[in-house]
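Each remark here refers to the structure printed beneath this line.
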Amino acid sequence: MNVFYILPLIFLYLVSCTSRSELTVAVGGTSAEVSYWYKLIKRFEEEEGIEVRIIRQASDSDLRRQHLILSMISHLEDPDVFFMDVAWVGQFIYSGWLEPINLDTKPFFKGSIEVAYREGELYAVPVNIDCGLLYYRSDLLEEYGCDVPETWEELLECSLKAVDEDIYGFVWQGAQYEGLVCTFLEFSYSAGGDLGNINSEENLKALTFMRDIIRIHKISPPDTYVSMKEEEVRLIFQRGLALFERNWPYAYKLHKAENSPVKDKFGVAPLPRFEGGRRASCLGGWYIGLSRFSDRKEEGKKLIRFITSYEVQKDLVEGLGWNSPRIDVMEELGEKYAHLKVVREACNYAVARPPVPYYAQISYIIQKYVNGVLAGLIKPEEALSRMDKEIRELKEYYE
Ligand code: GLC
């Protein structure tokens, strides 16, 4: 064949390889959540006649952020749509990586939607609101003669009885990742401290307690600071190997599943406080947004409207046990599921992570030092003073 015939064919082939025909969406989370997204997105494809390619992400918030940032800084058109942790949605908005979205925000709780605005434009829509919770084994509390703990001191005391019986007292997120910032924030605020003034007596009390329940009292697994993230913690509790668990609302539905060994033996409550302190629950959750570099913006907006619609939000509450940011959905389902009442109560004590565009760096400093203390590599006093210094320097640099 003459080269003049072949060249245009090669050109057409290359063009067809690079131009995309489908919308891409990045989804992550637990395996149950990822499977759910597949189901919902299939429904969207059928209803809208739009082809969607799913890009699977890890379940860890930091890994999901790093994966997306790579596409953003390279201005890649993939993924078009993705989910963002409330902890870093601000960074994405301020970095100019998101396309404004036109959507009626009246049905959403005001607090959940406010963080998604910048200069009057809406850049992301909440999909799920998380607040930290305490799961407990109701059968064992009765056996040990303990009440649902109001304070961390009570939780420790009862946990020691569990350790005598060869199960863990308390499992929680202590690995070096975003989840550790949440647990540190909860211990800190519930001791009367905060993340604004890091080097305080209250934070010292909180951090020392976190270390001691692993290293001295041994009510938490020795590898808490190495491997404990949401799913590791959930599985230990679900297999019946722990008395107490700190986790998010999603764990409820999985603990209740037909094949769950604890399905009729557990309860859920707001997290305890320290004696003389106050209750605190880390405010978490996920938002959906559209990349500014997307080449399928109209289709992307349709997907966002679909996922945040009344029907799909209802589905996410019923299917995954999530806490919806939609007022209409929660009015309808909030009373139907026992755990959602507790979630509402816990969310009254919600504390947000610092909503600054450079939050990821603050998070990294906190993760590094808190984890170092749990690992026994640095003393709590020293860790707090270094954390304080590094965070101050960071603030001075940015503000
Ligand atoms: C949950 C929360 C999120 C938090 C993360 C930490 O996914 O919704 O806000 O940052 O857990 O692991």
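Indexing begins at 1, ligand by ligand and atom by atom, following the structure's order. These numbers were taken from a predicted model, which means no experiment stands behind them.
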Using a strict 4.0 Å threshold on nitrogen-to-oxygen distance, state whether Lys389 and Glu393 make a salt bridge.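 The answer is yes: the pair qualifies as a salt bridge.
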
Any salt bridge linking Glu150 with Arg279? Criterion: basic side-chain nitrogen under 4.0 Å from a carboxylate oxygen.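 Salt bridge between Glu150 and Arg279, a charged N being under 4.0 Å from a carboxylate O: yes.
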
Tell me if a side-chain donor or acceptor on Ser363 pairs with a main-chain N or O of Tyr359 at a distance below 3.5 Å.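 Judged by distance alone, no pair lies under 3.5 Å.
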
Taking Ala350's backbone N and O only, do any of them form a donor-acceptor pair with Ser281's side chain (distance below 3.5 Å, no angle check)?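 Not confirmed, Ser281 side chain does not pair with Ala350 backbone.
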
Going by the side-chain hydrogen bond (donor to acceptor under 3.5 Å, both in side chains) test, name the single residue among Glu230, Glu231, Glu33, His255 that passes it with Tyr250.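 The single option meeting the side-chain hydrogen bond (donor to acceptor under 3.5 Å, both in side chains) with Tyr250 is Glu231.
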
Where does the angle between the aromatic ring planes of Phe170 and Phe244 fall among parallel (under 30°), tilted (30 to 60°) and perpendicular (over 60°)?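 Rings of Phe170 and Phe244: perpendicular, as their planes differ by over 60°.
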
With hydrogens left out, which residues have an atom under 4.0 Å from ligand 1, given that only heavy atoms count?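 Answer by chain and number: Asp85, Val86, Asp130, Tyr177, Glu178, Gly179, Glu230, Trp248, Gly284, Gly285, Trp286, Arg353.
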
